[in-house]
Student: 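Got a structure here, written out as structure tokens. Questions coming.
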Protein chains: 2
Amino acid sequence: MAQRGQSDAAGRSRRAPAENAAEITTPMPAIGGNGLRDRARAIPEAAVARLAVYLRVLSGMREQGVGSVSSEELSVAAGVNSAKLRKDLSYIGSYGTRGVGYEVEVLVDQIERVLGLTREQSVAVVGIGNLGHALANYGGFPGRGFPVTALFDVDPDLMGVPVGGIPVAHIDDIPSVCAAREVTIGVIATPPPAAQAVCDRLVEAGVECILNFAPVVLQVPETVEVRKVDLAVELQILSFHVARRADHAPAEDATPAQRVNGVANPNGVAVRR
Amino acid sequence: MAQRGQSDAAGRSRRAPAENAAEITTPMPAIGGNGLRDRARAIPEAAVARLAVYLRVLSGMREQGVGSVSSEELSVAAGVNSAKLRKDLSYIGSYGTRGVGYEVEVLVDQIERVLGLTREQSVAVVGIGNLGHALANYGGFPGRGFPVTALFDVDPDLMGVPVGGIPVAHIDDIPSVCAAREVTIGVIATPPPAAQAVCDRLVEAGVECILNFAPVVLQVPETVEVRKVDLAVELQILSFHVARRADHAPAEDATPAQRVNGVANPNGVAVRR
DNA sequence: GCGACTTTGTGCCCGCGTTCACAAGCAGCT
DNA sequence: AGCTGCTTGTGAACGCGGGCACAAAGTCGC
């Protein structure tokens, strides 16, 4: 992560070296605040990504009537090691009871709080092609959803046509519509050439968080955060691994892949062997 | 920044300059081989992701007739710092001339070689919903494409229907079809409940690299590499940032976001200030 | 009420990836 | 040739995130 993304690609996370210098372990006197701000600020990006995964797993558990869960159980369900899971949870506070585990309900609430899911985010999708359609219909997923409240495109045939219940507007209306509906997250699913222009309009509309599916490096003001999902890059990374193992072990696993059941890496980063 | 290369099917030849392969710094005995294997193995995942980005930028430059480029130019175009770019390029060999820069053509070829793009990868997409459609039509993107050669779903109405030129087959046929078409990369775009079963079938068919769009933690053998793209997680990470800055600076940027033009982070990670 | 057991929370270490800064090397001019 | 200026390639330091292992803390049973 992904990545790195995804995220992470995987590989992920970077920040200005100056200020985070003193996070985590440092007591940090919580200068003028409730401390939650400073805490929220200190959570590493990678941990945030995993928290989102934990949230999904926990939501599933809650629906199945599971009342409490240990870090061990949760960690295998989420595909991470239990120490990392506990550390991640410790970033948001101490909500477990030693010797017992965590209460599912509590954990769900707290993670939602930290991820800012208590106030519903309003999402705008720009570019209503196949991908845009998919995103517009993505509305309800486990836990609270991100309501898609605005759709934009340039195709005249699409204007006013409802997709997933929301009529499509012209991208020229981005500023007014986004302001009116208090859009906080913009999703760019346009062809590459249009991406920067669309991005500029979103920024102009006051959107400060953007998820970009177009394979373009967006230029944005420092105040705006961009996350990128790049299909081509993902495929190329996989291609790299295909090539690497082809080079590296020209003739081995002719054996029909027995189920060893390793665990998929949460960051979308490949297991290196 | 306009690029958008569709067809650039110039058959280029590749050939690894065997000499420079194993030298440089690492002693690394290069046990039984050309050393390229060891090198390829040593490239960090994060660097691979960036190389893919460089490749796209370079392809665009080549189409515009740019002959050579310095690390500085390329780094700003790709949105990374120049030192990192040079280090990334150094992983694949020394193809620059000091005092001058890099030859675009050479760099493109070498990156393609390392990413394994010289042998075309065959991709299968499972789950032909909106997202599946989008992926099936994704075939041609800058540089060489990944040919999608197989599509699968369970919907009887879709059987045999061509999408993006390829008829949809039933997921029960995954093993046979994938084997026949030598699929090396599988893409899962199914609803969550079906993902694990589909994954198992792909693995059974010998696919060792999987790109998973379903919000599920897949269980796979150790030999299989999984990358995950999780829309919900991406949105939640952005939501986290919205919440964080809302908490942290309740009343500041009333100013209409002036164009400072920071540069989007290549890892998809937000620029934090 | 006390001891034993279980599980959390975290201090510490380690390795990877990023960044800095500089030496090495090439081109072009005098 | 030799000097100058520029850019690459990389050694070395740094900082973050991951993992281990243990102390703290609470529960359960007797």
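Labels below follow one simple rule: chain letters A, B, ... track the order of the sequence lines, proteins then strands, and each chain is numbered from 1.
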Student: I want to check something: taking the side chain as every heavy atom from C-beta on, are Leu231(B) and Phe213(A) in contact at a cut-off of under 4.5 Å?
Tutor: yes
Student: Roughly how many Å is it from OH in Tyr91(A) to P in dG11(C), rounded to a whole number?
Tutor: 11 Å
Student: Without decimals, in angstroms, what is the distance between Tyr54(A) OH and dT8(C) C1'?
Tutor: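 One finds 15 Å between C1' of dT8(C) and OH of Tyr54(A), rounded.
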Student: Quick one: OG on Ser239(B) to CD on Glu112(A), what's the gap to the nearest 0.5 Å?
Tutor: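 Those atoms lie 10.0 Å apart.
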Student: Tell me the interatomic distance from Ile92(B), atom CD1, to dG9(D), atom C1', rounded to whole angstroms.
Tutor: 13 Å
Student: Considering only heavy atoms, which members of residues 68-75 of chain A lie under 4.0 Å from some atom of DNA chain D?
Tutor: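 Nothing qualifies; none.
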Student: Rounded to whole Å, please give me the gap between CD in Gln110(A) and P in dT8(C).
Tutor: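 Those two atoms, CD and P, are 17 Å apart.
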Student: Working to the nearest 0.5 Å, report the span between CG of Asp109(B) and CG of Leu117(B).
Tutor: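 Between Asp109(B) CG and Leu117(B) CG, I get 11.0 Å after rounding to 0.5 Å.
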Student: Tell me every residue that passes side-chain hydrogen bond (donor to acceptor under 3.5 Å, both in side chains) with Asn212(B), counting only those two or more places apart in sequence or in another chain.
Tutor: none
Student: Which residues pass the side chain to side chain contact (heavy atoms under 4.5 Å, CB included) test with Ser71(B), not counting sequence neighbours?
Tutor: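 Ser71(B) satisfies side chain to side chain contact (heavy atoms under 4.5 Å, CB included) with Ser82(B), Leu85(B), Arg86(B), Tyr102(B) only.
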Student: Measure all distances between protein nitrogen or oxygen atoms and nitrogen or oxygen atoms of nucleotides 28-30 of chain C, and list the pairs falling under 3.5 Å.
Tutor:
none

Student: Once salt bridge (charged side-chain N to carboxylate O under 4.0 Å, His left out) is applied, what residue pairs with a partner in residues 94-105 of chain A remain, sequence neighbours excluded?
Tutor: Arg62(A)-Glu105(A)
Student: Rounded at 0.5 Å granularity, tell me how far CD1 in Ile111(A) sits from CZ in Arg56(A).
Tutor: 12.0 Å
Student: Can you tell me how far the OH atom of Tyr54(A) sits from the CG atom of Asp88(A), to the nearest 0.5 Å?
Tutor: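 Between Tyr54(A) OH and Asp88(A) CG, I get 3.5 Å after rounding to 0.5 Å.
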Student: Just how far, in rounded Å, is P of dG18(D) from CD of Glu45(B)?
Tutor: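 The distance from CD of Glu45(B) to P of dG18(D) comes to 14 Å, rounded to the nearest Å.
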Student: Tell me, please, which residues at least two apart from Thr97(B) pass side chain to side chain contact (heavy atoms under 4.5 Å, CB included).
Tutor: Val100(B)
Student: So, taking the atom named CE in Met61(A) and the one named CG in Leu74(A), what distance separates them when rounded to the nearest 0.5 Å?
Tutor: 5.5 Å
Student: Name all residues meeting the side chain to side chain contact (heavy atoms under 4.5 Å, CB included) criterion together with Gln110(A); count only those two or more places apart in sequence or in a different chain, and write none if there are none.
Tutor: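 Residues passing side chain to side chain contact (heavy atoms under 4.5 Å, CB included) with Gln110(A): Ile92(A), Tyr95(A), Val106(A), Arg113(A).
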Student: Rounded to the Å, how far apart are Glu103(B) CD and dA27(C) C1'?
Tutor: 15 Å
Student: Can you name the residues that form a side chain to side chain contact (heavy atoms under 4.5 Å, CB included) with Val48(A), not counting sequence neighbours?
Tutor: Ile43(A), Leu115(A), Ile237(B), Phe240(B)
Student: Measure from CD1 on Ile43(A) to P on dT10(C) and round the result to the nearest Å.
Tutor: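 It is 13 Å, rounded to the nearest whole Å.
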Student: For Leu85(B) and dT18(C), give me the distance from atom CG to atom C1', rounded to whole Å.
Tutor: 13 Å
Student: Summarise how protein sits on nucleotides 20-30 of chain D as a single string, 5' to 3': B when a protein heavy atom is under 4.0 Å from the base, S for sugar-phosphate-only contact, - for no contact.
Tutor: BB--BBSS---
Student: Are Arg227(B) and His241(A) close enough that some pair of their side-chain heavy atoms sits under 4.5 Å apart?
Tutor: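 No, too far: nothing below the 4.5 Å cut-off.
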Student: Can you find a side chain N or O atom of Tyr102(B) that sits less than 4.0 Å from OP1 or OP2 on dG9(D)?
Tutor: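 The answer is yes; a side-chain N or O of Tyr102(B) sits under 4.0 Å from OP1 or OP2.
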Student: Taking Gln196(A) for the side chain and Val216(A) for the main chain, is one N or O donor matched with an acceptor at less than 3.5 Å?
Tutor: no
Student: In degrees, rounded to 10°, what is the bend between the two ends of the helix from dG1(C)-dC30(D) to dT30(C)-dA1(D), using five pairs at each?
Tutor: 0°
